[in-house]
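Notes follow once the structure below has been shown.
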Amino acid sequence: MSDGGGPTGDDDIGLPKATVFKLIQEMLPEDIACAKEAKDIIVECCVEWVKLISTQSNTVCDESSKKTISPEHVIEALKQLGFEDYIAEVDESNKDFKQSQKERTRTQPDTNGMTQEELLALQEKLFASSQARFEAGQ
């Protein structure tokens, strides 16, 4: 039994309440309020749902002799648990995530085809920029 002195067992697993509360408020019509106790119960339900999906995804992963849960494992877990209605949205979200990862730009400049002098000038420019950021932070 916990004496309130710190997290034990599943007490340390949770979702950021402020974020969930904000989502709840955004989903409700403007003329509807939600009691804090109701919001707390919704947070607890969300945590349990995430645990359920995670546990089933892990089982699917183990059955596939894999060590890392993949999106396919999550989708199969949703099927096995009877949450087929969520699969299309999960799949679309996964596609959006993959696309956003592809579109991320590199922070390093493209140096292909640059002469030695151009590379040296670029290096000096980067050093100067770094030094300015460092000095501004002190």
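In what follows, every heavy atom counts, from backbone to side chain, and hydrogens, waters and symmetry copies are set aside.
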(request) Would you mind telling me which of Val43, Ile41, Val47 makes a side-chain contact (heavy atoms from CB on, under 4.5 Å) with Cys45? (result) Ile41
(request) Flag yes if Leu126 and Leu120 sit in one hydrophobic cluster, no otherwise; membership is Ile, Leu, Val, Met, Phe, Trp, Tyr, and two members link when side-chain heavy atoms are under 4.5 Å apart. (result) no
(request) Output the distance between atom CG (Asn58) and atom CD (Gln56), rounded to the nearest 0.5 Å. (result) 9.5 Å
(request) Enter the distance from Ile24:CD1 to Met27:CE here, rounded to the nearest 0.5 Å. (result) 10.5 Å
(request) Verify the neighbour count for atom OH of Tyr86: are there more than 12 heavy atoms of other residues, nucleotides or ligands below 6.0 Å? (result) no
(message) Other residues, nucleotides and ligands only: do more than 12 of their heavy atoms fall within 6.0 Å of CD on Gln116?
(response) no
(message) Please determine whether residues Leu23 and Leu15 belong to a single hydrophobic cluster, defined as Ile, Leu, Val, Met, Phe, Trp and Tyr linked transitively by side-chain heavy-atom distances below 4.5 Å.
(response) no
(message) For Lys51, is there any backbone N or O sitting under 3.5 Å from a side-chain donor or acceptor partner on Thr55?
(response) yes
(request) Check whether any side-chain heavy atom of Ile53 sits under 4.5 Å from a side-chain heavy atom of Phe83, and report yes or no. (result) yes
(message) Grouping I, L, V, M, F, W and Y whenever their side-chain heavy atoms are under 4.5 Å apart, do Ile87 and Val74 come out in a common cluster?
(response) yes
(message) Are the side chains of Glu48 and Leu52 in contact, using a 4.5 Å heavy-atom criterion?
(response) no
(request) Using the test side chain to side chain donor-acceptor pair (under 3.5 Å), find all partners of Gln131 that sit at least two apart in sequence or belong to another chain. (result) Glu135
(request) Using a 4.5 Å cut-off on heavy atoms from C-beta on, say whether the side chain of Gln123 contacts that of Leu119. (result) no
(message) I'd like to know whether Arg133 forms a side-chain contact (heavy atoms from CB on, under 4.5 Å) with Ser129, so could you lay out the CA-CA distance, the side-chain angles of the two residues, the decisive distance to 0.1 Å, and finally the verdict.
(response) CA-CA 6 Å; Arg133 284 193 313 270; Ser129 173; 2.9 Å; yes
(message) I want to check something: taking the side chain as every heavy atom from C-beta on, are Lys39 and Gln25 in contact at a cut-off of under 4.5 Å?
(response) yes
(message) What I'd like to find out is whether the side chain of Ile42 reaches to under 4.5 Å of the side chain of Cys46, using heavy atoms alone.
(response) yes
Listed pairs under 3.5 Å, donor-acceptor, residues 62-70 side chains, sequence neighbours left out:
| unit_1 | atom_1 | unit_2 | atom_2 | d |
| --- | --- | --- | --- | --- |
| Ser64 | OG | Val60 | O | 3.0 |
| Ser70 | OG | Glu72 | N | 3.4 |
| Ser70 | OG | Glu72 | OE1 | 3.0 |
| Ser70 | OG | His73 | N | 3.4 |
| Ser70 | OG | His73 | ND1 | 3.1 |

(request) Could you grab the distance from atom CD of Glu76 to atom CG of Leu81, nearest 0.5 Å is fine? (result) 9.5 Å
(request) Would you indicate whether Asp96, at its atom CG, is surrounded by more than 12 heavy atoms from other residues, nucleotides or ligands within a distance under 6.0 Å? (result) yes
(request) First locate atom NZ of Lys36, then atom CG of Asp40, and finally report the distance between them rounded to the nearest 0.5 Å. (result) 3.5 Å
